[in-house]
Amino acid sequence: MNSIKIAARQPIDIEQTLQSGQVFRWNKIGEWYYLVINHNLVSIKQESLEDILVRSETLSGLDLETAVNDYFRLDDDIEYIYKSICTDKHIRSAIQSYRGLRIVRQDPWECLVSFICSANSNIPRISSNMTNLAAAYGNKLHLDEHSNYSFPSPHQIFQAGEQQLRELKLGFRARYVAAAAKFVLYGECDLDSLKKLSYEESKQTLTLISGVGQKVADCVLLFSLEKLQACPVDRWVRRAMEGWYSIEPNLSYEEISSWAINRWGPFTGYAQQYLFQQKRLEVSN
DNA sequence: CAGGTC
DNA sequence: ACTGG
């Protein structure tokens with residue numbers, strides 16, 4: 001067992017980050033969060049707002065620190081980002097409530113499947129879909145007495161086929177997930193290589209996939225392909241824009257998204273994530 | 001009714 | 001159009 005402490009020197013809130021609708025396969029057991037990073041089962045405990053403990057069987061030392069740093073984007077200068085997006089009282093209030101919430105850098109293939117599954121669904125159901133996929137076709141990983149699965153490859157999901165995916169309760173999304181697996185598997189699109197392209201070019205490539213429209217593409221770009229200006233506009237973000245920024249209800253996705261990018265600049269994705277969290281959680285209070 | 005898409 | 005939290 002390898003155990004290290006990471007001093008982020010800036011706010012990192014593991015709970016807020018994991019429950020902000022970016023990541024769908026993690027468990028909390030006691031004070032420890034278990035999640036899979038690069039095919040390694042890792043557990044994380046929050047020590048303070050800037051310090052975390054990390055444990056793993058398969059990664060150690062610098063490899064473990066690097067994996068966790070990359071995943072939670074701990075190299076982002078979050079205080080600078082806060083300053084650059086803090087244009088008004090609504091953002092200020094959201095930052096105050098959710099300080100330490102990070103945009104993650106997750107595996108692009110798992111991220112793509114997650115958000116194809118997000119269509120007309122909800123976070124508990126997306127989690128269920130992703131957990132079912134991993135348990136059915138992934139490889140089992142162990143840490144302590146706990147286990148989880150690596151996310152199945154495009155090949156493993158393509159082999160499964162649409163009918164089996166339907167049996168995992170994906171519904172009409174099964175066809176899109178199967179199509180995406182085929183698209184990636186046959187090399188029409190190497191997802192990691194999209195990091196090198198511009199925001200516009202990589203988005204255009206992603207939307208070639210059936211089941212991937214502007215919203216799903218923006219989520220994949222923001223949460224896995226390092227396009228921090230991407231602004232996914234879902235029901236909650238649209239409500240936030242209409243209620244707090246007097247955006248007309250009939251504006252198109254494109255109009256809202258570019259309005260946001262024009263207002264918040266290169267870190268619009270962070271602004272979007274804080275507004276999303278604020279709007280989504282204010283209703284349940 | 002749900003972090004949409006065709 | 002699927003369906004389950």
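Note on naming: letters A, B, ... go to the chains in the order of the sequence lines (proteins, then strands), and numbering restarts at 1 for each one.
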- With a 4.0 Å cut-off on heavy atoms, is K215(A) in touch with a base, just the backbone sugar-phosphate, or nothing at all? base

- Does dA2(B) have OP1 or OP2 sitting under 4.0 Å from an N or O in the side chain of R239(A)? yes

- Item | Phosphate OP1/OP2 of dA2(B) contacted by R235(A) side-chain N/O (<4.0 Å) | yes

- Send over the distance from Q214(A) CD to dC6(B) C1', rounded to a whole Å. 14 Å

- Is a donor-acceptor contact shorter than 3.5 angstrom present between the side chain of N120(A) and the base of dC2(C)? yes

- Message: Do Y199(A) and D218(A) pair up side chain to side chain, a donor and an acceptor below 3.5 Å, judged on atom types alone?
- Response: yes

- Task: Could you verify whether a donor N or O on one side chain and an acceptor N or O on the other, from S56(A) and N2(A), lie under 3.5 Å apart?
- Result: no

- Task: Kindly say whether the aromatic ring centers of F151(A) and H39(A) come within a distance under 6.0 Å.
- Result: no

- Item | Length of the line joining F24(A):CZ and dG4(C):P, which is rounded to integer Å | 18 Å

- Query: Reckon G211(A) touches a base, only the sugar-phosphate, or nothing at all at heavy-atom distances under 4.0 Å?
  - Reply: sugar-phosphate

- Query: V233(A) or Y176(A): which one's nearest nucleotide on DNA chain B is closer to the 5' end?
  - Reply: V233(A)

- Under 4.0 Å: is that the gap between some side-chain N or O of R166(A) and OP1 or OP2 of dC2(C)? yes

- Message: If you assign P124(A) and L170(A) each to the DNA chain C nucleotide with the nearest heavy atom, which residue ends up on the more 5' nucleotide?
- Response: L170(A)

- Message: At less than 3.5 Å, do the side-chain atoms of Q272(A) and the base atoms of dG3(B) form a donor-acceptor pair?
- Response: yes

- Considering only heavy atoms and no angle criterion, is a donor-acceptor pair shorter than 3.5 Å present between the side chain of R173(A) and the base of dT5(B)? no

- Which part of the nucleic acid, if any, lies within reach of S20(A) when heavy atoms closer than 4.0 Å are counted: base, sugar-phosphate only, or nothing? base

- Give a yes-or-no answer on whether the side chains of T207(A) and Q214(A) include a donor-acceptor pair shorter than 3.5 Å. no

- Item | Distance, rounded to the nearest Å, where R125(A) contributes CZ and dC2(C) contributes C1' | 6 Å

- To the nearest Å, how far apart are R238(A) CZ and dA2(B) C1'? 16 Å

- For L275(A) and dG3(B), give me the distance from atom CG to atom C1', rounded to whole Å. 14 Å

- Message: Stacking between dG3(B) and F276(A), yes or no? Criterion: centroid separation under 5.5 angstrom, plane angle under 30 degrees.
- Response: yes

- Nearest nucleotide by nearest heavy atom, which residue falls closer to the 5' end of DNA chain B, S210(A) or Q273(A)? Q273(A)

- Message: Between P on dT5(B) and CG on L206(A), what's the gap in Å once rounded to a whole number?
- Response: 12 Å

- Contact class for L222(A) (heavy atom, under 4.0 Å): base, sugar-phosphate, or nothing? nothing

- Y253(A) OH to dG4(B) C1': how many Å, rounded? 10 Å

- Is there a donor in the side chain of S3(A) and an acceptor in the side chain of R55(A), or the other way round, less than 3.5 Å apart? no

- Check the distance between dG3(B)'s P and N129(A)'s CG and give it to me in whole angstrom. 12 Å

- Task: Determine, stepwise, if the pair R166(A) / E162(A) fulfils salt bridge (charged side-chain N to carboxylate O under 4.0 Å, His left out).
- Result: CA-CA 6 Å; R166(A) 280 184 180 273; E162(A) 180 184 337; 3.2 Å; yes

- Query: What does dT3(C) pair with, Watson-Crick or G-U, if both distances are under 3.5 Å?
  - Reply: dA2(B)

